[in-house]
Amino acid sequence: MDITNLESMPGKKIVKHLGLVQGSSVRAKHAGRDLLSSIKNLFGGELTSYTELLQESREEAMDRMLQQAKSVEANAILNVRFSTSSITQGAAEIYVYGTAVQLEATE
Amino acid sequence: MSGGSFQLIYVIGLLIVAYLIGSYREKRHYQSIIKREHALNSLPAVNLKTAPKGHFQHELVMGNVTISVDYFKRFLALLHAFFGGPITSYETLLDRSRREALLRMKEMAKEKHAALVLNVKYETVSIFKGSGKSIGSVEVLAYGTALIPSSQAVASNVATTTQ
Amino acid sequence: MNSYHNPQPKEGINTSHAHPLVTFIKLFSVITVVLVVSAWLFGRSGAWLASLIPYQQEVSISELYEKPEAIDPDYQAIQDYLESIVSGLEANMDLPEGMHISIHYESEKVENAYATLGGHIFIYRGLLEILPNENSLAMLLAHEMAHVKLRHPIRAAGQNIAIQTGIKYLLGYSNSDLLGQAGLYTQLHFSRSMESAADKEGLEGVYKLYRTVSGATELFDTLHKISVKNGSDDTSPFFSTHPLDEKRIKDLKQVVDDESLSSDFEAKGLPEGFANWL
C-alpha cells in the first residue's frame, strides 16, 4: 500500500477513486507520566513520554486508515493529512485521512 | 454518612440511566448514518485537489455537527485516563461526529446537484465543560468544494472524455 | 468522472469492539484496588512521619488553628474538678517532659469525649451525666490522655493529610488547602489498636492514682450497656468513634489479670453537688 501526501504518484496513474478513508485514535497518558512531565515542564526540553504517546497514537490511527483502505480494495492512499486535537486535559486525538485510490503503472 | 450514601446512589443511578439511554441513542444514530451513507454513495468525496476534465461550477459546501458524550462514557474516560492508553469510550463519539458532518456536507452538495466534492477537510473542536477536566462535546466541521456539472450535455461529455 | 466510486469502508474500524460495561467493570475494580492499597501505604507513611514531629511543634501547629475559649464562670466548679483529676493523672502517667494536658468542658447534651492536637481534651455534659463514679471519670480522662501521650492525634492527622493529598495526586487534583481540609482541630479517628493501647495506658495511670481498678473497668461495661439500651440506631459520636465491642472489654480484663491489678478498694464516688456543676 502506497501512502503519500502527494496528489498523485509519479509514474502511476489513478484508475479508480474510492473516496475518503480515515483513522483516529484517542489516548491519555497515565497519572505517573503526568507527574513526571509536570516536573520536566519546569525545566523545559522534550517531554519524551508525550512524544511516545502521540507517536503510538499516530501509528494506531494510520493502521486504522490502512484497514479502511484495504476494505475498499484500494492500493494507495493519496493526499494524506494528519490533525491533532487535545480532547481533554492530558488526552489527545490523532486523526488521519486521505483519498483511497487504485493506481496502475504507466509505461 | 447518609448524605454520602445518597450521593453514591445518585451517581450510580445516573450512570445506569445514562448508559441505557446513551447506548440506545448511539445505536439509533449509527443506523441512520449507515442508511444515509448508502443513499449518498453516488456522490463521491475525496480530498484531492485536481478536478477531472470538463466544465464545472465550483461551490463551497460544508456540514457541521456537535455531539456530546453521555455521562457513563465520560466517567469511563476518567477511569481510562488514570491508566493512560486508548480512551475507547470517546472513539464512537468522534467517529459519529466525523461521519455525520461529512454526511451533512454531502447532503448540501446533493441539493446543489453536485457530481463530486473535492479537497474535503475536517476541523475538530472540543468544547470543554467545567474545569476543563472532562470533555462535554465535540464539534466537527467538514468542508470541501462541490463540482456541479454546468449542464447535462456537458456532464455526459465529461463522462466520455475522462474514460 | 467514471473513475470516481464511493464504496463503503468496513464498519467498526475506528471503534473498539470491547463492550463498554466490561471495560467499566475491569477498570473500576483495578482502580479500587490501587486506591485502597495506596491509601493504606500513604496512611502508614504519613502516620510515621507525623510521629517524628516534636510535641512542641504540634502545640504551635494547633495554636495556629484555634485558640481555646475563655472559661465560662458558670462552669468554673466543674472545670476545677476536672483539672484536679487531670493533674493527679498527669503525675502518674509518666508524660514526656513539656507535655501538658488542657481539659475543656462543653455544656452540650452530647455523649462525647475526645483528644485532639496540642494536648487538648474535650468532654461533653451528656457523657458526664451518665458516669457512675469518680474512677470511671478518671478512666475516661486517662484514656484520652493516653492518646495524647502516645501521640495518636498527630499520627491520625498525619495519616489523614497523607491519604488525602496522595489520593488527590493520583486522581489528578493538585491544589488544596492541606491543613484546612484535613480538619486539624476536630475529632480525629483513631484505629482499633490505638484505642486498645490507650485503654491499657489509661488503666495503668488510674491504678497508680487510686490503687484499684474498681470503677475504671466498669466504665466500658456501663457505656456498653447504655449503647445496647439505646439500640442499634444509636448515633452518639462517642460510641461511633469508640467501638465498645466484647473484644475490647476482654482485652482490658486481660491487662488486669496480667498485671494482677487489685480491685480491693471501692470506687470513689462523685463529689457532692456534682450534678449542679454541669
Side-chain angles (χ1 to χ4, degrees), chain B residues 1-2 15-16 19 22-23 26 30 33-34 37-38 40-46 48 51-54 56 70 72-73 75-83 85-96 98-99 106 115-118 131 133 147 149 155-163, chain C residues 1-39 42 112 163-164 166-176 181 183 186-187 189 232-241 243:
Chain B
M1 279 298 261
S2 61
L15 280 175
I16 293 170
Y19 172 72
S23 51
E26 183 176 295
Y30 264 122
I33 286 176
I34 291 167
E37 271 178 355
H38 279 288
L40 282 165
N41 268 356
S42 58
L43 175 59
V46 293
L48 300 177
K53 285 191 193 96
F56 294 101
D70 63 67
F72 173 80
K73 293 206 162 179
F75 193 88
L76 190 55
L78 284 180
L79 300 185
H80 271 303
F82 184 81
F83 295 104
I87 304 181
T88 52
S89 64
Y90 283 158
E91 284 174 346
T92 52
L93 169 79
L94 291 158
D95 190 42
R96 281 158 69 195
R98 295 243 160 72
R99 290 166 75 172
K106 280 189 174 183
L116 176 67
V117 185
L118 284 184
S131 58
K133 296 234 26 125
L147 296 191
S156 58
N157 187 26
V158 168
T160 47
T161 50
T162 47
Q163 270 301 323
Chain C
M1 278 303 288
N2 285 358
S3 71
Y4 288 92
H5 301 264
N6 201 10
Q8 193 73 23
K10 225 175 87 198
E11 276 303 312
I13 287 173
N14 275 312
T15 51
S16 298
H17 304 287
H19 196 281
L21 276 185
V22 177
T23 321
F24 181 85
I25 291 164
K26 239 194 271 173
L27 290 178
F28 195 79
S29 41
V30 175
I31 285 187
T32 313
V33 170
V34 169
L35 287 187
V36 167
V37 170
S38 39
F42 289 139
N112 196 13
I163 292 176
Q164 288 195 11
I167 295 298
K168 269 186 190 155
Y169 241 106
L170 272 188
L171 296 180
Y173 307 102
S174 43
N175 59 326
S176 64
Q181 294 210 353
T186 51
Q187 188 163 4
H189 286 254
S232 56
D233 55 12
D234 179 28
T235 51
S236 67
F238 189 79
F239 298 121
S240 63
T241 55

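This structure is a prediction, so every number in the text was calculated from the model and none was measured. So that the names make sense, note that chain A is the first sequence line, chain B the second, and so on, each numbered from 1. Hydrogens, waters and symmetry mates are skipped; everything else that's a heavy atom, side chains included, is used.
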Verdict with supporting geometry, Thr15(C) and Tyr30(B), side chain to side chain contact (heavy atoms under 4.5 Å, CB included): CA-CA 12 Å; Thr15(C) 51; Tyr30(B) 264 122; 3.7 Å; yes
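- A distance of 12.0 Å separates CZ in Phe82(B) from CZ in Phe28(C), rounded to the nearest 0.5 Å.
- Summarising the geometry, atom NE2 belonging to His19(C) is positioned 7.5 Å from atom OG belonging to Ser23(B); distances are rounded to the nearest 0.5 Å.
- With a 4.5 Å cut-off on non-hydrogen atoms, Ile34(B) touches chain C through its side chain but not through its backbone.
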Chi angles and distances behind the side-chain hydrogen bond (donor to acceptor under 3.5 Å, both in side chains) call for Glu91(B), Ser16(C): CA-CA 7 Å; Glu91(B) 284 174 346; Ser16(C) 298; 2.7 Å; yes
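- Rounding to the nearest 0.5 angstrom, the gap separating the OG1 atom in Thr88(B) from the CG atom in Leu27(C) is 7.5 Å.
- Checked against the 6.0 Å centroid threshold, Phe72(B) and Phe24(C) count as a close aromatic pair.
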Test log, rule side chain to side chain contact (heavy atoms under 4.5 Å, CB included), inputs Phe83(B) and Val30(C): CA-CA 10 Å; Phe83(B) 295 104; Val30(C) 175; 3.4 Å; yes
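- Using a 4.5 Å cut-off between heavy atoms, Arg99(B) contacts chain C through its side chain alone, with no backbone atom that close.
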Steps toward side chain to side chain contact (heavy atoms under 4.5 Å, CB included) verdict (His80(B), Thr23(C)): CA-CA 9 Å; His80(B) 271 303; Thr23(C) 321; 3.8 Å; yes
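- Note that the OH atom of Tyr4(C) and the CG atom of Leu147(B) stand 8.0 Å from one another [nearest 0.5 Å].
- Going from atom CG of Leu15(B) over to atom CG of Leu21(C) covers 10.5 Å, rounded to the nearest 0.5 Å.
- For a residue to count as touching a neighbouring chain, one of its non-hydrogen atoms must lie under 4.5 Å from one of that chain's; by this rule Asn41(B) touches chain C with backbone and side chain alike.
- Contact of Leu94(B) with chain C is not made at all, since no heavy-atom distance falls under 4.5 Å.
- At a 4.5 Å heavy-atom cutoff, the contact between Thr92(B) and chain C is made by backbone and side-chain atoms alike.
- The side chain to side chain donor-acceptor pair (under 3.5 Å) search around Asn6(C) returns none, not counting sequence neighbours.
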